[in-house]
Amino acid sequence: MLASIDFSAPAHEVARLLIGVTLLIDGVGGRIVETEAYDQTDPASHTYAGQTARNVSMFGPPGHAYVYRSYGLHWCFNTVCREAGHGAGVLLRAIEPTHGIETMRARRGLQELKLLCAGPGRLAQALGIDSRLNGQSLSEPPFELLAREAGEIEVLTGPRIGISKAVDVPWRFGLRGSRFLSRGFAAEPGTQQR
DNA sequence: ATGTCGATTTGCT
DNA sequence: GCAAATCGACATT
């Protein structure tokens with residue numbers, strides 16, 4: 001069943017809606033368990049200072065991909081939010097591997113399931129994400145978004161990771177109880193730290 | 001279990 | 001020139 005996400009909503013709402021949704025690229029991927037929201041009013045966002053060659057797709061239509069290179073070597077994957085021109089998006093930080101696990105293991109050169117997609121760079125490597133996908137629509141191949149199963153899920157929130165500005169904005173979201181998070185949430189003792 | 005360091009693109013917010 | 005929405009290797013406790 002296809003997921004119907006309203007990507008024109010504010011980034012922090014979309015970030016919450018995406019938890020539990022299954023993302024596949026060429027049939028490979030899994031259930032989204034961790035996201036972070038960024039928007040143009042946010043000093044930690046790539047779009048804070050306006051449009052540049054790197055971030056153009058974040059100013060494009062919602063429901064498309066923004067892919068950028070992090071620290072010069074990792075790819076990171078975002079979904080663009082709000083109406084075109086707002087420069088808002090959601091960073092996918094962790095996925096629970098469910099589809100094409102052997103493909104992901106091969107791409108990552110790694111056996112351990114827990115670390116296959118636990119982190120934005122790892123997730124991008126496992127799903128084969130690179131700049132070719134930048135600006136592409138998420139409602140067309142190779143992308144597939146499947147609605148989460150019926151029933152309640154609990155979403156945790158906390159401060160975002162790896163930034164030095166707006167560190168107190170609680171725009172990191174995670175699926176409670178998942179062992180596939182990139183890190184635990186402070187509010188939830190008992191969840192792993194790594 | 002925790003620390004530090006290197007790889008290397010992008011924009012200077 | 002330098003910091004960055006990161007990760008893995010290697011060192012030390």
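Everything numeric in this text was worked out from a predicted model, so none of it was measured. A note on names: the letters A, B, ... follow the listed sequences, proteins ahead of strands, and every chain is numbered from 1.
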Does [X] reach the main-chain N or O of [Y] with its side chain, forming a donor-acceptor pair under 3.5 Å?
X: H12(A); Y: A37(A); value: no
X: N78(A); Y: G89(A); value: no
X: R108(A); Y: L115(A); value: yes
X: E144(A); Y: L23(A); value: no

Check the distance between [N]'s [atom2] and [X]'s [atom1] and give it to me in whole angstrom.
X: H46(A); N: dA5(C); atom1: NE2; atom2: P; value: 5 Å
X: Q51(A); N: dT10(B); atom1: CD; atom2: P; value: 16 Å
X: N55(A); N: dT9(B); atom1: CG; atom2: C1'; value: 14 Å
X: R160(A); N: dT6(C); atom1: CZ; atom2: P; value: 11 Å
X: R183(A); N: dT2(B); atom1: CZ; atom2: C1'; value: 13 Å
X: F77(A); N: dT6(C); atom1: CZ; atom2: P; value: 17 Å
X: Y71(A); N: dG11(B); atom1: OH; atom2: C1'; value: 14 Å
X: N78(A); N: dT6(C); atom1: CG; atom2: C1'; value: 14 Å

Between atom CD of E140(A) and atom CD of Q136(A), what is the distance when rounded to the nearest 0.5 Å?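 Reported to 0.5 Å precision, the distance equals 8.0 Å.
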
Among [options], find the nucleotide with the atom closest to the side chain of [X].
X: L91(A); options: dT6(C), dA5(C), dG11(B); answer: dA5(C)
X: R69(A); options: dA4(C), dG11(B), dT9(B); answer: dT9(B)
X: K165(A); options: dA5(C), dT13(B), dC7(C); answer: dT13(B)
X: Y48(A); options: dG11(B), dT13(B), dT6(C); answer: dT13(B)
X: S164(A); options: dG11(B), dA4(C), dG8(C); answer: dA4(C)

Is the terminal nitrogen or CZ of R160(A) (NZ for Lys, CZ for Arg) located under 6.0 angstrom from the six-membered ring centre of Y38(A) and within 45° of that ring's axis?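 Flagged: R160(A) positioned over aromatic ring of Y38(A).
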
Can a side chain N or O of [X] be found less than 4.0 Å away from OP1 or OP2 on [N]?
X: H74(A); N: dC7(C); value: no
X: R108(A); N: dG8(C); value: yes
X: T52(A); N: dG11(B); value: yes

For L73(A), report the nucleic acid contact type (base, sugar-phosphate, nothing); a contact means any heavy atom under 4.0 Å. base

Which part of the nucleic acid, if any, lies within contact of P43(A), taking any heavy atom under 4.0 Å across all strands shown: a base, the sugar-phosphate backbone alone, or nothing? nothing

Hey, which sits more toward the 5' end of DNA chain C by its nearest nucleotide, Y66(A) or L110(A)? Y66(A)

On DNA chain B, compare the nucleotides closest to G50(A) and S70(A); which residue's is nearer the 5' end?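 First, find each residue's nearest nucleotide; the 5'-ward one identifies S70(A).
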
Counterpart base for dT8(B), defined by Watson-Crick or G-U wobble contacts under 3.5 Å: none

Assigned partner base of dA5(C), Watson-Crick or wobble definition, under 3.5 Å: none

Taking the C1' atom in each of dG8(C) and dT10(B), what is the distance between them to the nearest angstrom?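 Result for the C1' pair: 22 Å, nearest Å.
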
For the C1' atoms, the ones on dT2(B) and on dA5(C), what distance do you get once it is rounded to whole angstrom?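 The same atom, C1', in both gives a distance of 23 Å.
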
Tell me whether dT13(C) sits syn or anti, counting syn as a glycosidic angle within 90° of 0.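 What dT13(C) shows is an anti base, its glycosidic angle lying more than 90° from 0.
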
With a 3.5 Å cut-off and just heavy-atom distances, do the side chain of Y68(A) and the base of dA5(C) make a donor-acceptor pair? yes

